Every structure is written in C-alpha cells, then in structure tokens.
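Everything numeric here is computed off the predicted structure, so don't read it as measured data. Here is the naming used below: chain letters follow the sequence lines, and residue numbers restart at 1 for every chain.
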There are 2 protein chains.
Amino acid sequence: MADVAALAGVSAQTVSRVANGLTNVDPSTKDRVVAAMNEIGYRPNSAARALKTGRFKSIGVIMFTLSTFGNMRTLDAIATAAAQAGYSITLIPIALPTQVELLGAFSRLGEHAVDGAIVIVESHILDRSDVSLPTGLPVVIVDSDAGDTYSVVDTDQAAGARDATRHLLELGHRTVWHVSGPEGSFSASRRRDSWEATLVAAGAEVPEVLIGDWTANSGYLHGLELAKRDDVTAVFAANDQMALGLMRAFHENDIAVPDHISVVGFDDMQEASSFWPPLTTVHQDFSAVGRLCLEKLLDQIDGSGTSRGVAVIPTTLIERQSTAAPASAI
Amino acid sequence: MADVAALAGVSAQTVSRVANGLTNVDPSTKDRVVAAMNEIGYRPNSAARALKTGRFKSIGVIMFTLSTFGNMRTLDAIATAAAQAGYSITLIPIALPTQVELLGAFSRLGEHAVDGAIVIVESHILDRSDVSLPTGLPVVIVDSDAGDTYSVVDTDQAAGARDATRHLLELGHRTVWHVSGPEGSFSASRRRDSWEATLVAAGAEVPEVLIGDWTANSGYLHGLELAKRDDVTAVFAANDQMALGLMRAFHENDIAVPDHISVVGFDDMQEASSFWPPLTTVHQDFSAVGRLCLEKLLDQIDGSGTSRGVAVIPTTLIERQSTAAPASAI
DNA sequence: GTGCTAATTGTTTGCGTAAACATGCTAGCG
DNA sequence: CGCTAGCATGTTTACGCAAACAATTAGCAC
C-alpha cells in the first residue's frame, strides 16, 4: 500500500479511501491511485483489514456430511449467494453429529475468521436445552426445532409428508407404509410424525415404521421384507434413495410398481425423474433454503435482523409414474 | 491476550508462546497461563496472527459446480483432510467455466486469506496455453491436462473407459456405443478418446458418438433414439446419471437390460448399485483424489513439494447386473 | 478583506500477534 | 568465589490497514 501511495504521490490513507470506494476523493486523484494500484498489482490484505475492522467478510458453514444430496444443494446455494454478497465460505466438516464435535467446530470457527455461521447438522442435538452454542456469533440453523433459541430455516417437512401420504390415500390405498430416516434425525422424525398423523386423521391403520438410514441399500433391505407380505400396496419413503432401494427390491421380486405397489419418495433429487418408474416424490427447494439462510445471517451480521424465529420453505408434491390406484380398486 | 497475561501474571509474549506450543516455557507457568486462557475464554485472533506470520491456515477451493456427484465427493475429502491438518476451506464457486470467471475467482482468493488453492473446473480452459493463473500461489488442479505447468491430480479416465469398453467386447458384443459428456469437458473427451481407441484396437466398428450433458435426461433422450435401432447391443455411458437415463428409455420401450442391451456407467455413485438393474460401472476414488490434492498442496505450501507434475488415481470396473453377453451369442 | 463552511488530503494511532532482541536468574565449573 | 552458559521470561517493534483527528484549500456571503 505504501508503494502505491508513493507512486501516486498521495498518502496511504488516500489509497485506503480509494480501495474502499469512499466518495470524498477527487476524481483525478482517484484515477492516479487506481493506475498506481494496477501498475503495482496491489491487493488489499484481508488479514490487516480484518484486524482493523473486526469484519472478515466470511461466513462459516458447519456440516455433518457433504454426501447427502440436499446438504450439497443447500451448500451450493449458500456459496453462490455469499459470493454475490462479497462473502466467502469457510467450510467446517464435522465427523459425527455430536455435541462435542459441534462445539469443536465452533471453536475452530472462533479461531478462523468468521462473521457468522450456518449450521447444517440434521440432528436433534441442537434442540436439547442442555446444548447451547457459544453466544455472540450470529448463527442460522437449518432444519431444526430450536427456533425459540436460534434463527432457523426449515423446510416444511410436515406438509410434504402429509401431501405424500394423502396422495396415496386419495388414490384408494387403505393405508401407507413408511420407511423412515434414522432415529435422531430431525427431518426423519418430522416426516414420520406427519405420516402417522395423516393416517390417523384419515382413519387408516398405522403400520409398523421401518427405520432406514437414508441409503438406497437400507431401502432395498426393507423392500425385501415388504415384498414378502401381500397386504402392502403403498409405501412412502423418507427420501428418494430409499425409494430407489425399495423399487429395486420390488423389481427383483417381480412386483410391479405402481401396479402392485405404489412408491413415493422425498427430496426430488435430479435423478428421480429417471428412475424406473419415474418417481413420485416431494420436491424440496434447497436453493431457497440456502439463499434464505444467507439472507437471514447477513441481516443478523449487520444488526438489522433477529436472532431467533423460524422461516419455513414450502414443499411440492411431484406426481410421476410410481404411484397409481391399488389393484383392488381397479 | 493482554487480559490473559495480566490474570496469569506474565507477559503477553509468554501467553503467545503457550498458545503456539513452544517448548521453552516453564511447566508451572504454562499451567497458570492455560488456566487463565480457559477462565477468560481466550481465542487467538487469526487475523492478527495471519497479519504477523503471513500464513492463513486456509486453502481455497475453486469449483465450477457443486452439483455433480464427483465434485461433491472430492470436496468432502478435501474438507476432511484439511480439517485434520488444521486448515479450513474457503469455497469459491464460479458460475461458468470461463477464463474470466476463473481469474475473477483467483482475484477474490487473493483478497481473502488463503495459502494455496485447489481448482476443480472440469474443463479444457486450463489446458490452453493462453490461460495462465496468477503465479506465486501454490495451486493443485484436478482432472486437467496442464501437468507441465501446474501440479495436477487426475483420475485415470482412460483406463476406466478402456476397461468398460473392453468388458463389453469381451462379453461378445460386436461393438459398443458411447454416450459422451459435453464438448469442452476434459473428463468427457478423455473417456471418449479411450473408448474409441479401444474399439479400434479390437478391430471393432466405431459407431457415431452421442453427446450428452451429464444429466440423466440427456441419457434418456439418446436412449430413445438407440431404442429405435435394432443393431445396438451395448452402450457405455460417460457417467452413471446418463446410464440411468438410458435404462429408463430402454425400460419404456420394453428393451430388457442386460438381455437385449448391456449398459455400463462411470463414477459408481452410491445409488448405482440400486438402479434397476444394478449398474455395472467404473468406480472412481474421489476420496483419494481429494486427499492427494490436499497433500500435494500442503507440500507446496511448506516448500517441500514440486509445483508441477501429474498424479494419477486408478479406477476400478465394478461388474453388476446391467451387462451380459449379447442375445446373439447365447 | 474577514469569517465561515465544505471538500479534500495528510498525520497519528492502534487493532492482536509473534519475531527479534534484551534481561535476569540458576547451575555448574575451575 | 567468581565467571559463564543456558534457560525462562520480559520488552520492543512491526505486520497492513482504516478510524479519528488535523490541516489545508477553495468557495461564498457579508
């Protein structure tokens, strides 16, 4: 910076003013400074700037795992929105969704330079009152029940599961089986509860819940069991991967989808429309989630936003060809 | 830091020594300082540290898109390895794989605090001699031909495509069709070239290449065309999504896979084993790519590594149930 | 011309840390 | 007993920048 100032024949402070785009600089001076900057190849040093201002223009994203479709899409949207706002993303992966790991991640975030954080952990641990995040740092949490303590962006899991279940009931199925996500997952329990409530509200029998782990293989294993029964006509899987596994099990046992069993998924991953048969599923708007997270976080950072409350992103049922009226109703 | 020093009754410099784990500190003094740190909740300020040392303990990852399976897995591996090494990841998404965007990303990286960068752009632009990255920053590039200019980590695309093609030929297919990735993609052209070379080496006829865009839908559209022909018995798709689309088209036209047409994919995405039928595909070790990228980059950063050369990660053909001998050979 | 305001630019200062240098203290040796 | 080597600790300084304040100039009304 000093070199630029010397070359342009001004003080370092004036260079700083130009670099930060302040208005009260004479145009001709500004031109000289800009020319000098280009000649020297000056880049402001973010460490020094951060040290002086206390702002880092960077936000941390704490994620349990990158390997799920939804988390990835959310991250993509956050990163894109952040780039537009001039913020960079610092990614902190955690190996396990435990409190210890999460606090460790926050600690690392404290050492790295971050103005705020987005937590995508897909677990109940944040909802428990004995777990609390370090205060003072603006935080937005994705898909959690902790809206009374933190700012939360949540997909309307309940409505999605209700729509999926109701869709199957309206086709004439007497009841709907459910392959759930793992215990401890917030999204999984939301979908499971809503499925059950919808069945009860419709006066339908509630079958035993099948607990999966989000993978296609767990869906496949449950599908093999379901294939042995003759009273199953409709299954709602808590995500598309497990729905895919279910359908594989049904194919292997020559059970036609949707003619003998209807299947509905959740997520609407890109490939869902190319499954065989194309999967009826609940679309989640991960991009909207990511964008809204960033928006709420930036509002907190500049002081204009609240630090608690829940924003809900709606879901949409996408009807494709994996659902039909039950054979008995034909 | 000053507060900690006062509480522990030592100088700030001693606190710094403890924080950095230097050895020449009396154990009892060290204990006092550590106790004081915990009491106050001291966290070293990374901006100040970076300002003083010139090291940021952070590396930048420039990606074209997060939404492909492979990039996401690679990023996951990089992030995990980086966390273990005490580095954080700064994610810079670029909207389009053009030189302008890439240079813009590098410029942003220059402003943000980064010790090195990993570029995952999936495009030929880095191979052209007229494109050069700003020098001075350690860089590792994934899947590129620029090994004579930069340090590159590359998956052995050629071997994978050769194995896939040869596998089909060895089953007795007279030739193998190919649904390629888009023009301009480095991986796509590698796989396409190797497929063609393998056919030529085997004396097989080389059918017209079908150009897709990595999406399942593009595979589906090409599949509809292939379904109209009666001379197609084997197809090699350049990724699993397009293979999925192909199989959907074949299912819709009552063409049995693998009885009438064999299909091979590329990537071995998690769901590939649950496709119907389970997909024979080429496994890529994205985790190894990510880990190796980080390793090479850190070597460059601490000065012990070279800044050019190519490291190749092998691929493995995974035989599942989408391939079989052609009907004519039965 | 005097007194004022507004616009532009310069000067001083300190953010939190670690390197370089300085000090003080203990132990060991002849 | 005095001297030095070696270790623990303290003091000074500078990293690059921007906030706060100071200074200079121009423009304007009286």
Side-chain angles (χ1 to χ4, degrees), chain A residues 1-37 40-58 86 107-115 136-137 302-303, chain B residues 1-37 40-58 86 88 107-115 136-137 302:
Chain A
M1 186 159 102
D3 300 339
V4 174
L7 181 59
V10 298
S11 72
Q13 182 57 34
T14 302
V15 176
S16 167
R17 279 192 266 260
V18 172
N20 289 357
L22 299 190
T23 52
N24 50 341
V25 178
D26 188 87
S28 70
T29 309
K30 181 172 175 176
D31 290 346
R32 276 210 324 285
V33 173
V34 170
M37 280 180 172
I40 295 189
Y42 168 77
R43 296 260 151 236
N45 177 315
S46 69
R49 175 176 290 175
L51 178 60
K52 196 73 181 83
T53 62
R55 290 293 186 82
F56 305 98
K57 282 289 189 178
S58 177
S107 161
R108 274 190 280 151
L109 222 43
E111 291 177 24
H112 290 292
V114 154
D115 296 318
L137 193 69
D302 69 19
Chain B
M1 186 158 103
D3 300 339
V4 174
L7 181 60
V10 298
S11 72
Q13 181 57 34
T14 301
V15 176
S16 167
R17 280 192 265 260
V18 172
N20 290 351
L22 300 189
T23 53
N24 51 342
V25 178
D26 189 87
S28 69
T29 309
K30 182 173 174 177
D31 290 346
R32 276 210 324 285
V33 172
V34 169
M37 279 180 173
I40 295 189
Y42 167 76
R43 295 263 150 234
N45 177 316
S46 70
R49 176 175 288 175
L51 176 61
K52 197 73 182 88
T53 63
R55 290 294 185 82
F56 305 98
K57 282 289 187 176
S58 177
S88 66
S107 162
R108 274 190 281 153
L109 223 43
E111 291 178 23
H112 290 292
V114 154
D115 297 318
L137 193 69
D302 69 19

Atom pairs and distances, donor-acceptor, side-chain atoms in residues 13-21 of chain B, under 3.5 Å, two or more places apart:
| unit_1 | atom_1 | unit_2 | atom_2 | d |
| --- | --- | --- | --- | --- |
| B/Thr14 | OG1 | B/Ser11 | OG | 3.3 |
| B/Asn20 | OD1 | B/Arg49 | NH2 | 3.2 |

Apply side-chain contact (heavy atoms from CB on, under 4.5 Å) to B/Ala47 and list each qualifying residue two or more places apart in sequence or on a separate chain.
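By the side-chain contact (heavy atoms from CB on, under 4.5 Å) rule, B/Ala47 matches A/Ala50, A/Leu51, A/Phe56, B/Asn45.
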
side-chain contact (heavy atoms from CB on, under 4.5 Å) partners of A/Lys57, counting only residues at least two apart:
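Listed in chain order: A/Tyr87, B/His112.
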
Looking at residues 5-16 of chain B, who's got a heavy atom less than 4.0 Å off DNA chain C?
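Nucleic-acid contacts, sorted: B/Gln13, B/Ser16.
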
Heavy atoms only: give me the nearest B/Val33-B/Val4 pair and the separation to one decimal.
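Distance-wise, the nearest heavy atoms are O-CG1, 4.1 Å.
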
For B/Asp115 and B/Gly54, work out which heavy atoms get closest and say how close.
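Minimum heavy-atom contact is OD1-O, 4.1 Å.
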
How would you give the extent of chain B contacts on DNA chain D, as first and last nucleotide 5' to 3' within a 4.0 Å heavy-atom cut-off?
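First-to-last contact on DNA chain D, by the 4.0 Å heavy-atom rule, is D/dA8 to D/dG16.
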
Could you give the angle between the helix axes at the two ends of the helix from C/dG1-D/dC30 to C/dG30-D/dC1, with five pairs per end, rounded to 10 degrees?
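The helix from C/dG1-D/dC30 to C/dG30-D/dC1 shows an end-to-end axis angle of 50°.
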
In residues 51-58 of chain B, what residues come within less than 4.0 Å of DNA chain D, judged by heavy atoms?
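B/Leu51, B/Lys52, in order of number.
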
What integer distance in Å separates B/Asn20:CG from C/dG16:P?
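These atoms are roughly 17 Å apart.
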
Specify the residue among A/Lys30 and B/Tyr42 whose closest nucleotide of DNA chain C lies further upstream toward the 5′ end.
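Going by which nucleotide is closer to the 5' end, it is A/Lys30.
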
Could you list, one pair per line, each protein nitrogen or oxygen that sits under 3.5 Å from a nitrogen or oxygen of nucleotides 21-23 of chain C, together with the distance?
none

Got a sec, which pairs hit side chain to side chain donor-acceptor pair (under 3.5 Å) with one end in residues 28-37 of chain B, sequence neighbours left out?
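Those involving residues 28-37 of chain B are B/Asp26-B/Ser28.
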
